[in-house]
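Notes follow once the structure below has been shown.
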Number of protein chains: 2
Amino acid sequence: MTSVSEKASLARPFAPALEKLRGAGLRPTRQRLALAKLLFDGPDRHVTAEMLHGEALRARVQVSLATVYNTLHQFTDVGLLREIVVDAERSYFDTNVGTHHHLFDENSRALHDIPECDVRLDTMPGLPAGMEVSRVDVIVRMRKA
Amino acid sequence: MTSVSEKASLARPFAPALEKLRGAGLRPTRQRLALAKLLFDGPDRHVTAEMLHGEALRARVQVSLATVYNTLHQFTDVGLLREIVVDAERSYFDTNVGTHHHLFDENSRALHDIPECDVRLDTMPGLPAGMEVSRVDVIVRMRKA
DNA sequence: GTGTTTGCAAAGTGTTTGCAATTTA
DNA sequence: TAAATTGCAAACACTTTGCAAACAC
């Protein structure tokens, strides 16, 4: 049994996460709330399923890796996350869903946003009829010199 | 036993492929020659291991899928191919190793070069010390409107 | 209560590897 | 003949799925 005040005090740190889930029409389960908190509290970030799972466990949140995968995809489907394909070995998810580009460290495999890189695509070549651009990804790859 | 004339007539269509392998310091084995011919005869192309393996079999060239994978990576290592990360599900290899960008069809999963798309990266943000840009990938993703 | 979500373990996918047999130089 | 290459099958890493139990509303 959970008292009203206990619930309120417990809920407060989860309020932003709760909003996000509510707004997206996803049931605020314990797991989803905890993952949303990890993802969206604080600055933008880039995670892999494995990373987020590890963080959750360290934060004493019981979640299975399968649920982390499912949750990341659900969040992506409702536009809370953006999936970035930079590395054939694993999938990255970005909490920044606005238009921006990426800087990938090939040594550490860390992914960063490029904040103010002006990319101009001149002469976008004619797409085949009935096709539209769904997105343009720019990935600057760096490594130890 | 193979006669000299038979060898010569057989070798002619493989001459460009042979050059490539020689130049790269790779032994021209039957498999590598056949794969090089499929890859480099004709216009630039984008292949996955599965695709190239299928083609080889259809052309009555006996190659195992493992060898196709190994060969694609060897070719990539010596600069004959470039690996493109566009799809989390599979790896693409591009015979065009010059600077250029890509157009990816999310429906058919076909990959194309963008021939003359001028991409200007202004204000390349300062890289961390000791790091250099190894490459910039630009991927325009399109899908059915 | 009813439909949704979870966790597990099993299955799946694309890819890599160990090693004996084969091929190249 | 010595060294490199191949093919197979097993191993791999990451990801998805089937289904019963747990949960949200």
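These values consider heavy atoms only, across backbone and side chains, with no hydrogens, waters or symmetry-generated copies. Small disclaimer: the values here were computed from a predicted structure and weren't measured. Residue numbering restarts at 1 for every chain, and letters A, B, ... go by the order of the sequence lines.
- As a whole-Å value, the separation of B:R30 CZ from D:dT5 C1' is 11 Å.
- Comparing D:dG7, D:dT15, D:dT5 against the side chain of B:T67 picks out D:dG7 as the nearest.
- Near DNA chain D, meaning a heavy atom under 4.0 Å from it, residues 75-87 of chain A has no residue at all.
- Where B:T29 and A:Y92 meet DNA chain D, the nucleotide closest to each residue was compared, and B:T29 sits on the side nearer the 5' end.
- The shortest non-hydrogen separation linking B:E132 to A:A145 is CD-CA, 3.7 Å.
- Between the side chains of B:H46 and B:D113, at least one donor N or O sits under 3.5 Å from an acceptor N or O.
- Formation of a donor-acceptor pair under 3.5 Å by the A:R90 side chain with backbone atoms of A:A49 is not found in this model.
- With hydrogens and angles left out, the side-chain atoms of B:E106 and A:S134 include a donor and acceptor closer than 3.5 Å.
- Distances shorter than 4.0 Å separate none of the side-chain N or O atoms of B:R27 from OP1 or OP2 on D:dA4.
- OP1 or OP2 of D:dG7 has at least one side-chain nitrogen or oxygen of B:Q31 nearer than 4.0 Å.
- Here D:dA13 presents its P atom at 19 Å from CD of B:E89, a figure rounded to the nearest Å.
- Without hydrogens or angle criteria, A:N96 side chain to A:D44 main chain gives no donor-acceptor distance under 3.5 Å.
- Using the Watson-Crick or G-U wobble rule with both distances under 3.5 Å, D:dA22 pairs with C:dT4.
- Rounded to an integer number of Å, the gap from B:L35 CG to D:dT6 C1' is 12 Å.
- Contact annotation: B:R32 reaches the phosphate of D:dT5 (side-chain N/O to OP1 or OP2, under 4.0 Å).
- A centroid separation of 6.0 Å or more is found between the aromatic rings of B:Y69 and B:H53.
- Within residues 48-66 of chain B, the residues having any heavy atom under 4.0 Å from DNA chain D are, by residue number, B:Q62, B:V63, B:S64, B:A66.
- A 6.0 Å sphere centred on CD of A:E83 holds more than 12 heavy atoms belonging to other residues, nucleotides or ligands.
- The pairing partner recorded for C:dA25 is D:dT1, the criterion being a Watson-Crick or G-U wobble arrangement whose two distances lie under 3.5 angstrom.
- When rounded to the nearest whole Å, the span between CZ of A:R90 and P of D:dT16 equals 14 Å.
- Two residues are said to be in side-chain contact when any heavy atoms from C-beta on lie closer than 4.5 Å; A:H102 and A:I84 meet this criterion.
- The separation between B:Q74 atom CD and D:dT5 atom P is 7 Å, rounded to whole Å.
- At least one side-chain heavy atom of B:L81 sits less than 4.5 Å from a side-chain heavy atom of B:F40.
- One N or O on the side chain of B:R82 and one on the backbone of B:G98 form a donor-acceptor pair closer than 3.5 Å.
- A:L72 is listed as a side-chain neighbour of A:V47, based on a closest heavy-atom distance under 4.5 Å.
- Of all nucleotides in DNA chain C having an atom under 4.0 Å from a heavy atom of chain B, the first and last in 5' to 3' order are C:dG14 to C:dA25.
- Annotation: side chain of A:L18 is in contact with side chain of A:L33 (closest heavy-atom distance under 4.5 Å).
- Between A:L26 atom CG and D:dC25 atom P there is a gap of 11 Å when expressed in whole angstrom units.
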